[in-house]
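All values below come from the heavy atoms of this structure, side chains included, with hydrogens, waters and symmetry mates left out.
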Amino acid sequence: MAKFTANMMDAETGSGNFYEFDGPDDLLDRTPVRVIRHFMEIVDRDLLPKEHIDYELNAAMKNRQIGVITAMGSMMLERGGEIPFLLMISKKA
């Protein structure tokens, strides 16, 4: 298992948070959508255990040179509401 960092910014308010999470050593070799799915499963299960979330991706891309996944989309909360986000995931140095 490897350590990864996710920098997630709320596109509406501009507030942001850094998250550390574990993943398979080859996580960044996978498609951007699968990397995002791995992180969002952790968000749903561990970071927001009392609030089920779903998400919609508008764009997801991988910069192979620097090892960063970038995504834009929206998180949909079970209780209602939508949070637009910008997300960057990389291996923890």
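In this view, Y55 satisfies the ring pair (Phe, Tyr, Trp, His ring centres under 6.0 Å) rule with no residue, not counting sequence neighbours.
Contact of the K92 side chain with the F4 side chain is not registered, since no non-hydrogen atoms from C-beta on lie closer than 4.5 Å. Contact of the T70 side chain with the N63 side chain is not registered, since no non-hydrogen atoms from C-beta on lie closer than 4.5 Å. By the 4.5 Å heavy-atom criterion applied to side chains, M40 and M75 are counted as neighbours. With contacts defined as side-chain heavy-atom distances shorter than 4.5 Å, the pair F85/N58 does not qualify. Between R34 and H38 the shortest side-chain heavy-atom distance does not fall below 4.5 Å. Side-chain contact check for D22 versus K3: some heavy-atom pair is nearer than 4.5 Å.
For the pair I89 and A6, the tightest heavy-atom approach, listed with the atom from each and the gap, is CG1-CB, 4.0 Å. A pairwise comparison of heavy atoms in F21 and T5 identifies CE2-C, 4.2 Å as the closest pair. Here the closest non-hydrogen pair linking M1 and P24 is SD-N, 3.9 Å.
Here the CE atom belonging to M88 is positioned 4.5 Å from the CG atom belonging to N7, to the nearest 0.5 angstrom. Distance check, rounded to the nearest 0.5 Å: OG1 of T31 to NZ of K62 gives 7.0 Å. Between the CE atom in M72 and the CG atom in L87 there is a gap of 11.0 Å [rounded to 0.5 Å]. Taken to the nearest 0.5 Å, the CZ atom of R37 stands 9.5 Å off from the CG atom of L57.
Using a distance-only test at 3.5 Å, with no hydrogens or angles considered, a donor-acceptor pair links the side chain of D44 to the main chain of I53.
Cluster partners of M76 are absent, since no Ile, Leu, Val, Met, Phe, Trp or Tyr has side-chain heavy atoms less than 4.5 Å from it.
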Please evaluate residues M8 and N17 with respect to the criterion side chain to side chain contact (heavy atoms under 4.5 Å, CB included), reporting the C-alpha separation (whole Å), side-chain torsions for both, the decisive distance (0.1 Å), and the verdict. CA-CA 5 Å; M8 184 177 242; N17 288 304; 5.6 Å; no
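The environment of CZ in R64 is sparse: at most 12 heavy-atom neighbours from other residues, nucleotides or ligands sit within 6.0 Å.
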